[in-house]
Amino acid sequence: MPRQLPSVLTPPDWLVRNLRPQQAPMPWAAAARAAIALALPLAIGLTAGEPAYGALASMGALSGVIGDTADAYRMRIFNIAVPQLFGAIGVTIGSLVHGHGWVAVGAVTGVALVSGMISTIGAVASVSSLLLLLNCSIGAGLPLPGSWWLAPVLMSGGGLLVLALALLAWPLRSGIPERAAVAHTYRTVADLLAATGTERYVDIRLAVTQSLNQSYDLALARRAFHHGRNPELARLLAQLNAITPVVEAAPAAHQFDEPLAPEVPNALRHLADAVETGYTGPIALGLPVPTNETARAVDHALRHAADVVSDRSTGKASLSASLDQGGPPSLRVRASRASRNVLLSAASWRYGLRLALCIGLAQALVSLVPVPRSYWVALTITFVMKPDFGSVFSRALLRALGTVAGLVVAAVVLALVPLGWWDVPVMFVLGPLIPVLGRRGYGYQTAAVTPVILLLSDVLNQLGTALLVPRLVDSLIGCAIALVAGYLLWPESWHTRVGDRLADAVADTARYVEYAFGADVDPAARARMRRRLYRDLSAIRTEFQRALSEPPPSGRRAAAWLPLVVAVERIVDATTAAGVQIRHGAQCPSSAETSHVALQLRELSDGLRETDTLVAVRTDLTGPAGSVLEPLRQEVAAARAIASPH
């Protein structure tokens, strides 16, 4: 029997979570694009006798490689091209204030404030704000060759080279990624139906939410490029919306604690195959005869989905109608709404000020203390402080460890590889490691990016191994500033980031309960409310998972609160299941009964806002015997019990 390590030698759980690599498929195409996009500009610059220009273009390509994560071609345009515009603005501002002392400090700090605020809008805005601040820091801290306009042009050109390589197969594969995403959603919902009545249901329901989010984002990104009626797009959106009744019926089936017949999820998998291949002919579902209200709801939802998948007439006349069946609003509407919210949101101002404080301290420090090539300090802070990329603490830790690992590789390269043409094959080998290791975790990505940046910096500065120690010192300084000014000085940040968002979700759940059982219910509006709730709860669960990677007390608090997130998800499930039963013959509850449940949820929400410690609340919920809301009351009581101290 093997001996156990003493507990003092066992690494803490939060450290193990940070260092554990994530599972991800091998991105062969992205690796090939990275190799070409990073090596080709360098080769062109050497051929033209301007290796520094080639290095700048390769730096721009590096940002494009990091952002090359989307499957659909239209999303690649958003993910790569839009950030390049912000990056060009950032490097222009930085190069104009380079060498101007406190003017540069103020300019970069102001850019950090703007960057932090717009990063809270969404994924594309987050990458754009990241590149805005990164390139501004590079321009302010590094003397760039040529006129003020040359660096933005070269760096943007490098990023657009990645985009051009990513779009090469678009004419041959147009629409395929979107259809594959919708088909994947169908298969994920099929797995959910197969998991009803089992412990796997909760995890698969989260996968359904994520798959729906991705499919809607891809479809709506495609819609943004079509101002008229597009039959293929209308059919795709209609097929995606047709899965909503199936998702709503799943919680009702799960409440019976018995798995559905295998023919039910298999029928949905047949529909998924038809969606992916574009088949629109008749589909034999082979469904069993339903024996109760829940089975009838699932049967009805599946037959409706089959009618939509097999119907070619979905096209020209129903694009607007399909969007009304529970899908999110268009990207243009969402962008306009997000832009207004970011100016009025306390969270966006709070994060913007935190980031500006850290960047301002870094810029002031390197202005007062001679730090060679000081832009690396601000770069480190920018990466570590990104709120949607993970915990500040864990990213600071992983940044430091990844930098050390990357410096070891860089030391070998800088010591053994002479400047010149040998840099091209080395870049061709190092480039693919970025998309490959980047999907394993932030520390692994840092280890892959560090030698690439140092090799390009060496082309610009020709300092060789003298770059290594300053880069390590700069990274440690940046991590220290982020930890102190961006983490330790904000002890309420955990509750602000997680507790308030959970309280908002509970309050939204109360509104969902009132609307779902009220008079004149609009099915599309109800579906949108449910989708928004699941999306918000999925994001909150992700935040909790990130908080688990922090040391005590934040990690311990997250572990204590995580069951409450699960309980709120079960409340939404129970509400949806009750609505399905009512639509298939169950008696609708009275307004007083519904209001009582909503009141309990609002009391729970108010309690969560007032403290970062779970407090005692009443759990005595009663109602009419045999009511359709009885399972919902049980879930609300369970949630309030979880909020009580143990």
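Only heavy atoms go into these numbers, but all of them, side chains included; no hydrogens, no water, no symmetry mates. Since the model is a prediction, treat every value here as computed from it, not as a measurement.
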Restricting to salt bridge (charged side-chain N to carboxylate O under 4.0 Å, His left out), what partner residues turn up for [X], sequence neighbours left out?
X	result
R530	E248
R303	D299
D273	R187
D536	none

Determine the minimum heavy-atom distance between [X] and [Y], stating which atoms define it.
X	Y	answer
A505	L533	O-CD2, 3.7 Å
T382	L130	CG2-CD1, 3.4 Å
A482	C358	CA-SG, 4.4 Å

Gap separating the [atom1] atom of [X] from the [atom2] atom of [Y], nearest 0.5 angstrom:
X	Y	atom1	atom2	value
R354	L113	CZ	CG	13.5 Å
Y201	L193	OH	CG	8.5 Å
T188	L212	OG1	CG	8.5 Å
D307	H304	CG	NE2	7.5 Å
L271	I243	CG	CD1	7.5 Å
L260	L268	CG	CG	11.0 Å

message = The criterion is side chain to side chain contact (heavy atoms under 4.5 Å, CB included); which residues satisfy it with Q255, sequence neighbours excluded?
response = A574, A577, Q581, P631

key: More than 12 heavy atoms of other groups within 6.0 Å of R526 CZ   = yes

inquiry  = Counting neighbours of CD on Q587 that are heavy atoms of other residues, nucleotides or ligands and sit closer than 6.0 Å, is the number greater than 12?
reply    = no

Do [X] and [Y] make a side-chain contact, defined as non-hydrogen atoms from C-beta onward lying under 4.5 Å apart?
X	Y	answer
T575	F517	yes
N213	Y534	no
M117	W349	yes
V264	L285	no
V628	P589	yes
H300	P245	no
D508	M529	no
R541	E569	yes

For the pair [X] (side chain) and [Y] (backbone), establish whether a donor and an acceptor sit closer than 3.5 Å, ignoring hydrogens and angles.
X	Y	answer
T198	A195	yes
T209	R205	yes
S215	S211	yes
T196	H254	no

key: Partners passing ring-ring contact (aromatic ring centres under 6.0 Å, His included) against Y512 (at least two apart in sequence or in another chain)   = none

query = V636 pairs by side-chain contact (heavy atoms from CB on, under 4.5 Å) with which of V597, V506, L604?
reply = V597

message = For N241 and Y216, which I'm curious about, is there any donor-acceptor pair between the side chains at under 3.5 Å?
response = yes

Residues R439, Y444; criterion side chain to side chain contact (heavy atoms under 4.5 Å, CB included); working and verdict = CA-CA 8 Å; R439 286 162 171 79; Y444 298 93; over 6 Å; no

query = Salt-bridged, R511 to E514, with N to O below 4.0 Å?
reply = no

task = In plain terms, say whether E276 and R179 are close enough for a salt bridge, that is, a side-chain N and a carboxylate O under 4.0 Å apart.
result = no

